[in-house]
Number of protein chains: 2
Amino acid sequence: MTTDNTTATAALAPDDLRLEKFLPYRLSVLSNRVSNAIADAYGTRFHLTIPAWRVMAILGRFPDMSAADLVEQTAMDKVAISRAVSSLLKNDYITRSEDPADRRRQVLNLSELGRDVYARIVPLAQQYEADLMSSLSIEERGQLDSIIEKLMDRAQAWAERGLID
Amino acid sequence: MTTDNTTATAALAPDDLRLEKFLPYRLSVLSNRVSNAIADAYGTRFHLTIPAWRVMAILGRFPDMSAADLVEQTAMDKVAISRAVSSLLKNDYITRSEDPADRRRQVLNLSELGRDVYARIVPLAQQYEADLMSSLSIEERGQLDSIIEKLMDRAQAWAERGLID
DNA sequence: GGAAAGTGGTTACAATTGAAACCAATGTTA
DNA sequence: TAACATTGGTTTCAATTGTAACCACTTTCC
(Lines give C-alpha, C1' and ligand atoms only; values in the text may rest on other atoms or scores of the structure.)
Protein backbone atom coordinates (compact mmCIF):
# COMPACT_ATOMS: atom_id res chain seq x y z
CA MET A 1 0.00 0.00 0.00
CA THR A 2 1.57 3.23 -1.11
CA THR A 3 -0.73 5.93 0.16
CA ASP A 4 -1.73 5.45 3.75
CA ASN A 5 -4.58 7.78 4.42
CA THR A 6 -5.42 6.04 7.63
CA THR A 7 -2.95 7.90 9.68
CA ALA A 8 -2.88 10.95 7.46
CA THR A 9 -3.88 14.19 9.04
CA ALA A 10 -6.97 14.56 6.89
CA ALA A 11 -8.88 17.62 7.91
CA LEU A 12 -11.66 16.36 10.15
CA ALA A 13 -14.53 18.77 9.74
CA PRO A 14 -16.59 19.18 12.87
CA ASP A 15 -19.40 17.25 11.31
CA ASP A 16 -17.42 14.47 9.74
CA LEU A 17 -18.35 11.04 10.92
CA ARG A 18 -15.81 8.90 12.68
CA LEU A 19 -17.06 5.51 11.64
CA GLU A 20 -14.79 3.66 14.03
CA LYS A 21 -16.45 5.49 16.93
CA PHE A 22 -19.96 5.29 15.57
CA LEU A 23 -21.99 3.07 17.86
CA PRO A 24 -24.18 1.33 15.29
CA TYR A 25 -21.12 0.43 13.28
CA ARG A 26 -19.21 -0.87 16.25
CA LEU A 27 -22.13 -2.95 17.40
CA SER A 28 -22.42 -4.48 14.00
CA VAL A 29 -18.76 -5.40 13.74
CA LEU A 30 -18.70 -6.81 17.24
CA SER A 31 -21.85 -8.82 16.81
CA ASN A 32 -20.72 -10.27 13.51
CA ARG A 33 -17.37 -11.30 14.86
CA VAL A 34 -18.89 -13.01 17.85
CA SER A 35 -21.71 -14.72 15.98
CA ASN A 36 -19.53 -15.96 13.18
CA ALA A 37 -16.99 -17.45 15.52
CA ILE A 38 -19.59 -19.29 17.54
CA ALA A 39 -21.69 -20.37 14.59
CA ASP A 40 -18.54 -21.81 13.16
CA ALA A 41 -17.86 -23.75 16.33
CA TYR A 42 -21.15 -25.59 16.58
CA GLY A 43 -22.02 -25.36 12.94
CA THR A 44 -19.18 -27.62 11.96
CA ARG A 45 -19.61 -29.95 14.92
CA PHE A 46 -23.38 -30.43 14.68
CA HIS A 47 -24.49 -29.03 11.33
CA LEU A 48 -26.51 -26.29 12.90
CA THR A 49 -27.18 -22.83 11.61
CA ILE A 50 -27.69 -19.97 14.01
CA PRO A 51 -31.47 -19.90 13.61
CA ALA A 52 -31.64 -23.67 14.08
CA TRP A 53 -29.56 -23.50 17.22
CA ARG A 54 -31.77 -20.73 18.57
CA VAL A 55 -34.83 -22.86 18.07
CA MET A 56 -33.19 -25.69 19.94
CA ALA A 57 -32.13 -23.38 22.72
CA ILE A 58 -35.72 -22.31 23.26
CA LEU A 59 -37.19 -25.79 22.95
CA GLY A 60 -34.63 -27.03 25.44
CA ARG A 61 -36.12 -24.79 28.06
CA PHE A 62 -39.72 -24.56 26.94
CA PRO A 63 -41.16 -27.78 25.55
CA ASP A 64 -44.33 -27.98 23.49
CA MET A 65 -43.90 -24.78 21.59
CA SER A 66 -45.42 -24.02 18.23
CA ALA A 67 -43.62 -22.19 15.44
CA ALA A 68 -45.62 -19.09 16.28
CA ASP A 69 -44.53 -19.29 19.90
CA LEU A 70 -40.96 -19.47 18.68
CA VAL A 71 -41.42 -16.40 16.56
CA GLU A 72 -42.51 -14.50 19.62
CA GLN A 73 -39.72 -15.82 21.81
CA THR A 74 -36.84 -15.33 19.44
CA ALA A 75 -37.87 -12.22 17.52
CA MET A 76 -36.95 -14.11 14.38
CA ASP A 77 -39.42 -14.11 11.54
CA LYS A 78 -41.86 -16.78 10.46
CA VAL A 79 -39.93 -17.87 7.44
CA ALA A 80 -36.66 -18.23 9.28
CA ILE A 81 -38.37 -20.33 11.92
CA SER A 82 -40.09 -22.47 9.34
CA ARG A 83 -36.81 -23.22 7.63
CA ALA A 84 -34.99 -23.86 10.86
CA VAL A 85 -37.73 -26.23 11.96
CA SER A 86 -37.67 -28.15 8.74
CA SER A 87 -33.91 -28.55 8.84
CA LEU A 88 -34.08 -29.70 12.46
CA LEU A 89 -36.74 -32.24 11.52
CA LYS A 90 -34.51 -33.52 8.77
CA ASN A 91 -31.70 -34.00 11.30
CA ASP A 92 -34.07 -35.65 13.76
CA TYR A 93 -33.15 -33.07 16.34
CA ILE A 94 -36.79 -32.22 17.01
CA THR A 95 -40.19 -33.85 16.73
CA ARG A 96 -43.42 -32.38 15.49
CA SER A 97 -46.93 -33.42 16.41
CA GLU A 98 -50.33 -32.08 15.58
CA ASP A 99 -52.25 -30.19 18.20
CA PRO A 100 -55.63 -31.95 18.34
CA ALA A 101 -57.25 -28.82 19.69
CA ASP A 102 -56.15 -26.77 16.67
CA ARG A 103 -55.13 -28.71 13.65
CA ARG A 104 -53.18 -25.81 12.15
CA ARG A 105 -50.84 -25.80 15.09
CA GLN A 106 -47.80 -28.07 15.28
CA VAL A 107 -46.28 -28.82 18.64
CA LEU A 108 -42.50 -28.99 18.63
CA ASN A 109 -40.07 -30.67 20.98
CA LEU A 110 -36.49 -31.80 21.15
CA SER A 111 -36.04 -35.45 20.24
CA GLU A 112 -33.81 -37.77 22.22
CA LEU A 113 -30.99 -36.98 19.85
CA GLY A 114 -31.84 -33.29 20.05
CA ARG A 115 -31.69 -33.29 23.82
CA ASP A 116 -28.33 -34.96 23.53
CA VAL A 117 -26.95 -32.38 21.19
CA TYR A 118 -28.48 -29.62 23.25
CA ALA A 119 -26.76 -30.95 26.33
CA ARG A 120 -23.45 -30.84 24.55
CA ILE A 121 -23.85 -27.42 22.98
CA VAL A 122 -24.97 -25.59 26.07
CA PRO A 123 -21.62 -25.88 27.83
CA LEU A 124 -19.86 -24.94 24.64
CA ALA A 125 -21.97 -21.83 24.24
CA GLN A 126 -21.48 -20.97 27.87
CA GLN A 127 -17.78 -21.38 27.48
CA TYR A 128 -17.70 -18.88 24.66
CA GLU A 129 -19.74 -16.45 26.60
CA ALA A 130 -17.56 -16.91 29.65
CA ASP A 131 -14.48 -16.33 27.56
CA LEU A 132 -15.94 -13.09 26.24
CA MET A 133 -16.99 -12.00 29.70
CA SER A 134 -13.63 -12.83 31.15
CA SER A 135 -12.29 -9.76 29.42
CA LEU A 136 -14.55 -7.66 31.64
CA SER A 137 -14.47 -6.93 35.34
CA ILE A 138 -17.40 -7.93 37.50
CA GLU A 139 -18.66 -4.37 37.58
CA GLU A 140 -18.37 -4.07 33.86
CA ARG A 141 -20.48 -7.15 33.38
CA GLY A 142 -23.29 -5.60 35.35
CA GLN A 143 -22.90 -2.35 33.51
CA LEU A 144 -23.04 -4.07 30.16
CA ASP A 145 -26.18 -5.89 31.10
CA SER A 146 -28.07 -2.78 32.00
CA ILE A 147 -26.67 -0.78 29.11
CA ILE A 148 -27.80 -3.36 26.59
CA GLU A 149 -31.23 -3.35 28.16
CA LYS A 150 -31.50 0.39 27.76
CA LEU A 151 -30.23 0.49 24.20
CA MET A 152 -32.55 -2.33 23.29
CA ASP A 153 -35.56 -0.45 24.60
CA ARG A 154 -34.56 2.61 22.69
CA ALA A 155 -34.08 0.79 19.42
CA GLN A 156 -37.30 -1.06 20.03
CA ALA A 157 -39.07 2.27 20.36
CA TRP A 158 -37.83 3.26 16.90
CA ALA A 159 -39.41 0.21 15.40
CA GLU A 160 -42.70 0.77 17.15
CA ARG A 161 -43.26 4.48 16.97
CA GLY A 162 -41.53 4.95 13.67
CA LEU A 163 -38.13 6.49 13.17
CA ILE A 164 -36.80 9.77 14.37
CA ASP A 165 -38.38 12.71 12.51
CA MET B 1 -51.97 -17.94 21.40
CA THR B 2 -53.42 -20.52 23.71
CA THR B 3 -50.43 -22.04 25.43
CA ASP B 4 -48.09 -19.44 26.80
CA ASN B 5 -44.92 -21.19 27.71
CA THR B 6 -43.08 -17.94 28.05
CA THR B 7 -44.14 -17.33 31.55
CA ALA B 8 -44.63 -20.98 32.38
CA THR B 9 -42.55 -22.33 35.20
CA ALA B 10 -40.63 -24.70 32.99
CA ALA B 11 -38.05 -26.55 34.99
CA LEU B 12 -34.80 -24.69 34.36
CA ALA B 13 -32.01 -27.16 34.72
CA PRO B 14 -28.80 -25.64 36.06
CA ASP B 15 -27.21 -25.94 32.67
CA ASP B 16 -30.08 -24.77 30.55
CA LEU B 17 -29.33 -21.80 28.41
CA ARG B 18 -31.27 -18.61 28.91
CA LEU B 19 -31.12 -17.26 25.41
CA GLU B 20 -32.49 -13.88 26.42
CA LYS B 21 -29.50 -13.41 28.72
CA PHE B 22 -26.93 -14.90 26.38
CA LEU B 23 -24.58 -12.14 25.32
CA PRO B 24 -23.99 -13.18 21.70
CA TYR B 25 -27.70 -13.40 21.15
CA ARG B 26 -28.43 -10.06 22.74
CA LEU B 27 -25.72 -8.37 20.74
CA SER B 28 -27.13 -9.77 17.57
CA VAL B 29 -30.67 -8.64 18.26
CA LEU B 30 -29.55 -5.20 19.33
CA SER B 31 -27.27 -4.71 16.38
CA ASN B 32 -29.90 -5.83 13.91
CA ARG B 33 -32.54 -3.56 15.35
CA VAL B 34 -30.27 -0.57 15.25
CA SER B 35 -28.82 -1.21 11.80
CA ASN B 36 -32.13 -1.94 10.21
CA ALA B 37 -33.73 1.17 11.55
CA ILE B 38 -30.93 3.39 10.36
CA ALA B 39 -30.45 1.67 7.02
CA ASP B 40 -34.12 2.19 6.47
CA ALA B 41 -33.81 5.88 7.21
CA TYR B 42 -31.11 6.71 4.71
CA GLY B 43 -31.75 3.81 2.41
CA THR B 44 -35.11 5.13 1.40
CA ARG B 45 -33.99 8.74 1.28
CA PHE B 46 -30.80 8.25 -0.73
CA HIS B 47 -30.87 4.71 -2.14
CA LEU B 48 -27.89 3.64 -0.12
CA THR B 49 -27.14 0.23 1.29
CA ILE B 50 -25.18 -0.07 4.50
CA PRO B 51 -21.92 -1.04 2.78
CA ALA B 52 -22.31 1.82 0.32
CA TRP B 53 -22.91 4.28 3.11
CA ARG B 54 -19.86 3.01 4.93
CA VAL B 55 -17.73 3.59 1.89
CA MET B 56 -19.02 7.12 1.66
CA ALA B 57 -18.43 7.70 5.34
CA ILE B 58 -14.78 6.77 4.92
CA LEU B 59 -14.27 8.70 1.70
CA GLY B 60 -15.82 11.73 3.33
CA ARG B 61 -13.00 11.82 5.82
CA PHE B 62 -10.17 10.30 3.84
CA PRO B 63 -10.06 11.28 0.17
CA ASP B 64 -8.06 9.43 -2.47
CA MET B 65 -8.57 5.96 -1.12
CA SER B 66 -8.36 2.80 -3.15
CA ALA B 67 -10.70 -0.15 -2.72
CA ALA B 68 -7.96 -1.97 -0.84
CA ASP B 69 -7.58 0.93 1.55
CA LEU B 70 -11.31 0.76 2.16
CA VAL B 71 -11.11 -2.92 2.92
CA GLU B 72 -8.57 -2.19 5.58
CA GLN B 73 -10.50 0.72 7.06
CA THR B 74 -13.94 -0.84 7.19
CA ALA B 75 -13.16 -4.49 7.88
CA MET B 76 -15.55 -5.33 5.07
CA ASP B 77 -14.39 -7.74 2.42
CA LYS B 78 -13.14 -7.07 -1.08
CA VAL B 79 -16.25 -8.17 -2.82
CA ALA B 80 -18.59 -6.13 -0.67
CA ILE B 81 -16.44 -3.08 -1.30
CA SER B 82 -16.32 -3.74 -5.01
CA ARG B 83 -20.08 -3.95 -5.18
CA ALA B 84 -20.61 -0.89 -3.04
CA VAL B 85 -18.18 1.06 -5.20
CA SER B 86 -19.87 0.06 -8.40
CA SER B 87 -23.28 1.01 -7.09
CA LEU B 88 -21.95 4.36 -5.88
CA LEU B 89 -20.43 4.98 -9.30
CA LYS B 90 -23.77 4.24 -10.88
CA ASN B 91 -25.39 6.84 -8.62
CA ASP B 92 -22.63 9.34 -9.33
CA TYR B 93 -21.92 9.57 -5.64
CA ILE B 94 -18.23 8.89 -6.13
CA THR B 95 -15.61 9.25 -8.82
CA ARG B 96 -12.90 6.84 -9.84
CA SER B 97 -9.60 7.62 -11.48
CA GLU B 98 -6.60 5.58 -12.39
CA ASP B 99 -3.46 5.83 -10.32
CA PRO B 100 -0.71 6.57 -12.87
CA ALA B 101 1.87 5.11 -10.51
CA ASP B 102 0.10 1.76 -10.35
CA ARG B 103 -2.39 1.05 -13.05
CA ARG B 104 -4.17 -1.64 -11.05
CA ARG B 105 -5.10 0.87 -8.45
CA GLN B 106 -8.21 3.03 -8.68
CA VAL B 107 -8.39 6.20 -6.66
CA LEU B 108 -11.83 6.92 -5.24
CA ASN B 109 -13.40 10.16 -4.08
CA LEU B 110 -16.78 11.61 -3.30
CA SER B 111 -18.28 13.49 -6.24
CA GLU B 112 -19.94 16.87 -5.80
CA LEU B 113 -23.24 15.09 -5.46
CA GLY B 114 -21.69 12.59 -3.10
CA ARG B 115 -20.33 15.30 -0.87
CA ASP B 116 -23.78 16.79 -0.82
CA VAL B 117 -25.44 13.59 0.22
CA TYR B 118 -22.69 12.93 2.73
CA ALA B 119 -23.27 16.31 4.30
CA ARG B 120 -26.91 15.53 4.69
CA ILE B 121 -26.52 12.02 6.04
CA VAL B 122 -23.91 12.77 8.67
CA PRO B 123 -26.25 14.78 10.86
CA LEU B 124 -28.94 12.18 10.40
CA ALA B 125 -26.60 9.41 11.50
CA GLN B 126 -25.40 11.48 14.40
CA GLN B 127 -28.95 12.13 15.43
CA TYR B 128 -29.68 8.44 15.59
CA GLU B 129 -26.60 7.80 17.57
CA ALA B 130 -27.40 10.66 19.91
CA ASP B 131 -30.88 9.32 20.39
CA LEU B 132 -29.50 5.92 21.31
CA MET B 133 -26.94 7.42 23.63
CA SER B 134 -29.53 9.61 25.27
CA SER B 135 -30.84 6.52 26.97
CA LEU B 136 -27.53 6.24 28.82
CA SER B 137 -25.97 8.35 31.50
CA ILE B 138 -22.65 10.04 30.85
CA GLU B 139 -20.83 7.43 32.91
CA GLU B 140 -22.55 4.64 31.06
CA ARG B 141 -21.43 6.05 27.74
CA GLY B 142 -17.84 5.87 28.83
CA GLN B 143 -18.33 2.41 30.22
CA LEU B 144 -19.89 1.21 27.00
CA ASP B 145 -17.02 2.56 24.98
CA SER B 146 -14.40 0.70 26.91
CA ILE B 147 -16.47 -2.46 27.22
CA ILE B 148 -16.96 -2.66 23.48
CA GLU B 149 -13.27 -2.19 23.01
CA LYS B 150 -12.50 -5.09 25.28
CA LEU B 151 -15.06 -7.44 23.81
CA MET B 152 -13.88 -6.57 20.34
CA ASP B 153 -10.32 -7.49 21.19
CA ARG B 154 -11.44 -10.76 22.66
CA ALA B 155 -13.54 -11.72 19.68
CA GLN B 156 -10.75 -10.64 17.42
CA ALA B 157 -8.44 -13.01 19.21
CA TRP B 158 -10.79 -15.90 18.41
CA ALA B 159 -10.53 -15.15 14.75
CA GLU B 160 -6.79 -14.91 14.84
CA ARG B 161 -5.71 -17.71 17.11
CA GLY B 162 -8.52 -20.02 16.21
CA LEU B 163 -11.51 -20.80 18.37
CA ILE B 164 -11.60 -21.97 21.92
CA ASP B 165 -10.40 -25.56 22.30
C1' DG C 1 14.71 -9.70 -19.26
C1' DG C 2 11.64 -13.37 -18.13
C1' DA C 3 9.42 -16.77 -15.13
C1' DA C 4 7.17 -16.92 -10.75
C1' DA C 5 4.82 -14.89 -7.13
C1' DG C 6 2.00 -11.14 -5.26
C1' DT C 7 -1.56 -7.46 -5.43
C1' DG C 8 -5.85 -4.74 -6.95
C1' DG C 9 -10.07 -5.53 -8.38
C1' DT C 10 -14.06 -7.99 -10.79
C1' DT C 11 -16.90 -11.93 -12.13
C1' DA C 12 -19.43 -16.23 -11.53
C1' DC C 13 -21.88 -19.31 -8.87
C1' DA C 14 -23.93 -21.14 -4.77
C1' DA C 15 -26.02 -20.45 -0.39
C1' DT C 16 -28.82 -17.30 2.67
C1' DT C 17 -32.26 -14.15 3.37
C1' DG C 18 -36.70 -11.43 3.01
C1' DA C 19 -41.21 -10.10 1.03
C1' DA C 20 -45.15 -11.50 -0.63
C1' DA C 21 -48.28 -14.88 -2.19
C1' DC C 22 -50.30 -18.85 -0.82
C1' DC C 23 -52.96 -23.07 1.43
C1' DA C 24 -55.42 -24.98 5.10
C1' DA C 25 -57.85 -24.63 9.42
C1' DT C 26 -60.30 -21.71 12.61
C1' DG C 27 -63.07 -17.83 14.22
C1' DT C 28 -66.58 -14.33 13.41
C1' DT C 29 -70.58 -12.21 11.60
C1' DA C 30 -74.88 -12.26 9.88
C1' DT D 1 -74.77 -21.90 7.70
C1' DA D 2 -72.72 -19.06 4.10
C1' DA D 3 -69.55 -15.38 3.64
C1' DC D 4 -65.48 -13.04 5.36
C1' DA D 5 -61.55 -12.22 8.14
C1' DT D 6 -57.67 -14.26 10.93
C1' DT D 7 -54.15 -17.35 12.13
C1' DG D 8 -50.46 -21.12 11.59
C1' DG D 9 -47.30 -22.41 8.56
C1' DT D 10 -45.03 -23.24 3.86
C1' DT D 11 -43.60 -22.09 -0.79
C1' DT D 12 -41.93 -19.08 -4.34
C1' DC D 13 -39.17 -15.68 -6.26
C1' DA D 14 -35.98 -11.95 -6.13
C1' DA D 15 -32.33 -9.61 -3.79
C1' DT D 16 -28.12 -10.02 -0.82
C1' DT D 17 -24.06 -12.25 0.54
C1' DG D 18 -19.88 -15.30 0.64
C1' DT D 19 -16.36 -18.23 -1.63
C1' DA D 20 -13.60 -19.18 -5.10
C1' DA D 21 -11.91 -18.46 -9.48
C1' DC D 22 -10.26 -15.20 -12.38
C1' DC D 23 -7.83 -11.18 -15.25
C1' DA D 24 -4.67 -7.48 -15.40
C1' DC D 25 -0.85 -5.30 -13.71
C1' DT D 26 3.37 -5.08 -10.81
C1' DT D 27 7.22 -6.77 -8.15
C1' DT D 28 10.80 -10.07 -7.20
C1' DC D 29 14.57 -12.74 -8.11
C1' DC D 30 17.41 -15.47 -10.78
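Chain naming here is simple, since letters A, B, ... match the order of the sequence lines and numbering starts at 1 in each.
Asp102(B) places its CG atom 17 Å from the P atom of dG6(C), with the value rounded to the nearest Å. Across the protein-nucleic acid pair, Gln73(A) atom CD and dG8(D) atom C1' stand 17 Å apart, rounded to whole Å. Rounded to an integer number of Å, the gap from CG of Asp40(B) to P of dT16(D) is 14 Å. Regarding Gln106(B), its CD atom lies at a distance of 11 Å from the C1' atom of dA24(D), rounded to whole Å. Following rounding to the nearest Å, Leu89(B) (CG) and dT10(C) (P) show an atom-to-atom distance of 8 Å. Put simply, CG on Asp99(B) is 10 Å from P on dT27(D), counting in whole angstrom units. Rounded to whole Å, the distance from CG on Asn32(B) to P on dT17(D) is 12 Å. Nucleotide dT7(D) holds its C1' atom 16 Å from the CD1 atom of Ile81(A), rounded to whole Å.
The phosphate of dT10(D) (OP1 or OP2) has a side-chain N or O of Ser82(A) nearer than 4.0 angstrom. Phosphate contact (OP1/OP2 of dT26(D), side-chain N/O of Arg103(B), threshold under 4.0 Å): present. Regarding contacts with the backbone of dG8(C), every side-chain N or O of Arg105(B) stays at 4.0 angstrom or more from both OP1 and OP2. Phosphate proximity of dT10(D) to Arg96(A): present, with a side-chain N or O under 4.0 Å from OP1 or OP2. Taking 4.0 angstrom as the limit, Ser66(A) places a side-chain polar atom (N or O) nearer than this to OP1 or OP2 of dG9(D).
A donor-acceptor contact shorter than 3.5 Å links the side chain of Thr44(B) to the backbone of Asp40(B). Proximity of a side-chain donor or acceptor of Ser31(A) to a complementary backbone N or O of Ser28(A) within less than 3.5 Å is not detected.
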Atom pairs, N/O to N/O, protein against nucleotides 17-21 of chain C, distance under 3.5 Å?
from, atom 1, to, atom 2, distance (Å)
dG18(C), N7, Arg83(A), NH2, 2.6
dG18(C), O6, Arg83(A), NH1, 3.3
dG18(C), O6, Arg83(A), NH2, 3.3

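Along DNA chain C, the nucleotide closest to Val107(B) and the one closest to Ala101(A) are compared, and the more 5′ of them pairs with Val107(B).
Note on ring orientation: taking the six-membered ring where Trp is involved, the planes of Tyr128(A) and Trp158(B) are perpendicular (angle over 60°, cut-offs 30° and 60°).
Linking Ile, Leu, Val, Met, Phe, Trp and Tyr whenever their side-chain heavy atoms come within less than 4.5 Å puts Leu23(B) and Val122(A) in one cluster.
No donor-acceptor contact under 3.5 Å links the side chain of Arg104(A) to the base of dT26(C).
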Under 3.5 Å, sequence neighbours excluded: what are the donor-acceptor pairs made by side chains of residues 81-93 of chain A?
from, atom 1, to, atom 2, distance (Å)
Ser86(A), OG, Arg83(A), O, 3.3
Ser87(A), OG, Ala84(A), O, 3.3
Tyr93(A), OH, Phe46(A), O, 3.2

Sequence neighbours left out, cut at 3.5 Å: what donor-acceptor pairs do the side chains of residues 136-152 of chain A make with other protein atoms?
from, atom 1, to, atom 2, distance (Å)
Ser137(A), OG, Glu139(A), OE1, 3.3
Ser137(A), OG, Glu140(A), N, 3.1
Ser137(A), OG, Glu140(A), OE1, 3.4
Glu140(A), OE1, Ser137(A), N, 2.8
Glu140(A), OE1, Lys150(B), NZ, 3.2
Glu140(A), OE2, Lys150(B), NZ, 2.7
Arg141(A), NE, Met133(A), O, 3.3
Arg141(A), NE, Leu136(A), O, 3.1
Arg141(A), NH2, Met133(A), O, 3.3
Arg141(A), NH2, Leu136(A), O, 2.9
Asp145(A), OD1, Arg26(B), NH1, 2.8
Asp145(A), OD1, Arg26(B), NH2, 3.1
Glu149(A), OE1, Arg26(B), NH2, 2.8
Lys150(A), NZ, Glu140(B), OE1, 3.2
Lys150(A), NZ, Glu140(B), OE2, 2.7

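A heavy-atom distance below 4.5 Å is found between the side chains of Arg61(A) and Glu20(B).
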